[in-house]
Amino acid sequence: MSAETERTTDHIPEWKQEEVDELVELIESYDSIGVVNVAGIPSRQLQDMRRALHGSAELRMSRNTLLVRALEEVDSGLEDLTEYVSNQVGLVGTNDNPFGLYKQLEASKTPAPINAGEVAPNDIVIPEGDTGVDPGPFVGELQQIGADARIQEGSIQVLSDSVVVEEGDVVGDDVANVLSELGIEPKEVGLDLRAVYSEGVLFMPDELAIDVDEYRADIQSAAAAARNLSINAEYPTAQTVPTMLAKAAGEAKSLGIHAAVESPELADDLVAKADAQVRALAAQIDDDEALPEELRGVEVEQSTVEETEDEDEQATEEAESEEGESSEDEDDESGAEGLGNMFGD
């Protein structure tokens, strides 16, 4: 190749260089850059999506060759996005994290009619019910495409949910016309994220499509299990020390009461235990004359020695439970806050 040919090849029209410069500026202005598919989105809905993204993300479309050149010019790993630049795509930039961007793009999708010749993205169903159409030739059109339609009570009604196109099949003219007449919009249109690059990591859509509530529940369950393990293994941490101290205090109290250790903190419990023992003993004596007057006719229902000890143990467990619930609530709140930041809530 001659030098003259090389110079001709390397030359870029001024308007193209200006476009690349603007794309580079957009790419460098955001923490996360994604490639989105915009094929099949009507102009009006695309403009609505742009407005919905305003303030949180910016969508920019250009020639694919210029998008690739801009990504390669920035480098820093962003050149990995170039393999996803094909057909009708655009760049979306945001300072949100990839999970938040994916969630926002999915939420912006809207129902849309399907045209003849398009492939059904899922089973297309005409639902059971009154079509609102007066009796006429339309009932034949419904029956022709496979709908269970009849004329009843002065209107055309579909007697059962009817699949008229299966997922993956091409939509015919007759089906498209019937769906349009019924106002059925069987597909969703929106910005499909192909890939997004953020903080040195390339994310795929399937990695971002997670159930946030389920993920939060899993994290909270794991945190609770780790906390219980720490307590049972007597491994102190900032989160478990309060519960371990409450547990130790409860056990020390139970031991002190059982061993009748004299202590100001146990005085009331020891007196209550002794009173219960005396009453339990008095209830076993049939001769009232042998008892002091204040113990005559005593009936013991739930004041036996064993029940008193059970109550002590129960009090200990309740103290531990209350402390544990308080700590878990704090863990849940902090965990929820962290997850909210992660997923853009």
**Report entry** side-chain hydrogen bond (donor to acceptor under 3.5 Å, both in side chains) assessment of Glu128 paired with Ser160
**Finding:** CA-CA 4 Å; Glu128 175 185 356; Ser160 61; over 6 Å; no

Using every non-hydrogen atom in the two residues, find where [X] and [Y] come nearest and quote the distance to one decimal.
| X | Y | answer |
| --- | --- | --- |
| Asn122 | Pro186 | OD1-O, 3.6 Å |
| Gln157 | Asp130 | CG-CA, 4.0 Å |
| Glu58 | Tyr30 | OE1-OH, 2.7 Å |
| Gly136 | Ile151 | N-CD1, 4.4 Å |
| Ala176 | Asn115 | CB-C, 4.3 Å |
| Pro205 | Leu193 | CG-O, 2.8 Å |

Return yes if some donor-acceptor pair links the side-chain N/O of [X] with the main-chain N/O of [Y] below 3.5 Å, else return no.
| X | Y | answer |
| --- | --- | --- |
| Lys187 | Pro121 | no |
| Glu79 | Gly77 | yes |
| Ser32 | Asp96 | yes |
| Glu72 | Arg69 | no |
| Ser230 | Ala226 | no |
| Ser155 | Asp134 | no |
| Glu188 | Pro111 | no |
| Ser221 | Ala217 | no |

Group every Ile, Leu, Val, Met, Phe, Trp and Tyr by side-chain heavy-atom contacts under 4.5 Å, then state whether [X] and [Y] land in the same group.
| X | Y | result |
| --- | --- | --- |
| Leu142 | Val125 | no |
| Ile124 | Leu159 | no |
| Trp15 | Leu23 | yes |
| Leu81 | Leu208 | no |
| Met61 | Leu105 | yes |

Query - Verdict with supporting geometry, Ile126 and Val178, side-chain contact (heavy atoms from CB on, under 4.5 Å) - result: CA-CA 10 Å; Ile126 296 180; Val178 168; 4.0 Å; yes

Taking C-beta and beyond as the side chain, do [X] and [Y] meet within less than 4.5 Å on heavy atoms?
| X | Y | value |
| --- | --- | --- |
| Arg150 | Val158 | no |
| Leu182 | Phe138 | yes |
| Pro127 | Ile184 | yes |
| Asn87 | Asn37 | no |
| Leu59 | Leu46 | yes |
| Val170 | Glu118 | no |

Query - Other residues, nucleotides, ligands: >12 heavy atoms within 6.0 Å of Asn232 CG - result: yes

Query raised in the report: Counting only heavy atoms not in Asp173, do more than 12 fall under 6.0 Å of its CG?
Result: no

For the atom pair [atom1] ([X]) and [atom2] ([Y]), what is the distance rounded to the nearest 0.5 Å?
| X | Y | atom1 | atom2 | answer |
| --- | --- | --- | --- | --- |
| Lys253 | Ser263 | NZ | OG | 11.0 Å |
| Ser108 | Arg51 | OG | CZ | 13.0 Å |
| Leu179 | Ile114 | CG | CD1 | 8.0 Å |
| Ile41 | Gln47 | CD1 | CD | 11.0 Å |
| Glu106 | Lys103 | CD | NZ | 12.0 Å |
| Asp21 | Glu18 | CG | CD | 7.5 Å |

**Report entry** Of Val92, Val89, Leu53, the residue whose pairing with Leu191 passes side chain to side chain contact (heavy atoms under 4.5 Å, CB included)
**Finding:** Leu53

Query raised in the report: Out of Thr82, Leu91, Val35, which residue meets the side chain to side chain contact (heavy atoms under 4.5 Å, CB included) rule with Leu67?
Result: Leu91

Side-chain donor-acceptor pair under 3.5 Å between [X] and [Y], yes or no?
| X | Y | answer |
| --- | --- | --- |
| Asp48 | Gln45 | no |
| Asp148 | Ser162 | no |
| Asn177 | Glu181 | no |
| Thr240 | Thr243 | no |

**Report entry** From CA spacing to verdict: side-chain contact (heavy atoms from CB on, under 4.5 Å), Phe99, Val196
**Finding:** CA-CA 10 Å; Phe99 295 93; Val196 58; over 6 Å; no

Requested in this report: Please list, chain by chain and in numerical order, all residues satisfying salt bridge (charged side-chain N to carboxylate O under 4.0 Å, His left out) with Arg50, sequence neighbours excluded.
Outcome: none

Query raised in the report: Under a 4.0 Å N-O cut-off, is there an ion pair linking Glu19 with Arg60?
Result: yes

Query raised in the report: Between Asp192 and Lys109, is the closest basic N to carboxylate O distance under 4.0 Å?
Result: yes

**Report entry** Test log, rule side-chain contact (heavy atoms from CB on, under 4.5 Å), inputs Val36 and Arg194
**Finding:** CA-CA 5 Å; Val36 292; Arg194 290 189 174 181; over 6 Å; no

Query raised in the report: Stepwise, does the side-chain hydrogen bond (donor to acceptor under 3.5 Å, both in side chains) test hold for Gln104 with Ser56?
Result: CA-CA 9 Å; Gln104 185 177 12; Ser56 59; 2.7 Å; yes

Query - Derivation and outcome, side-chain contact (heavy atoms from CB on, under 4.5 Å), residues Val74 and Ile33 - result: CA-CA 12 Å; Val74 175; Ile33 297 294; over 6 Å; no

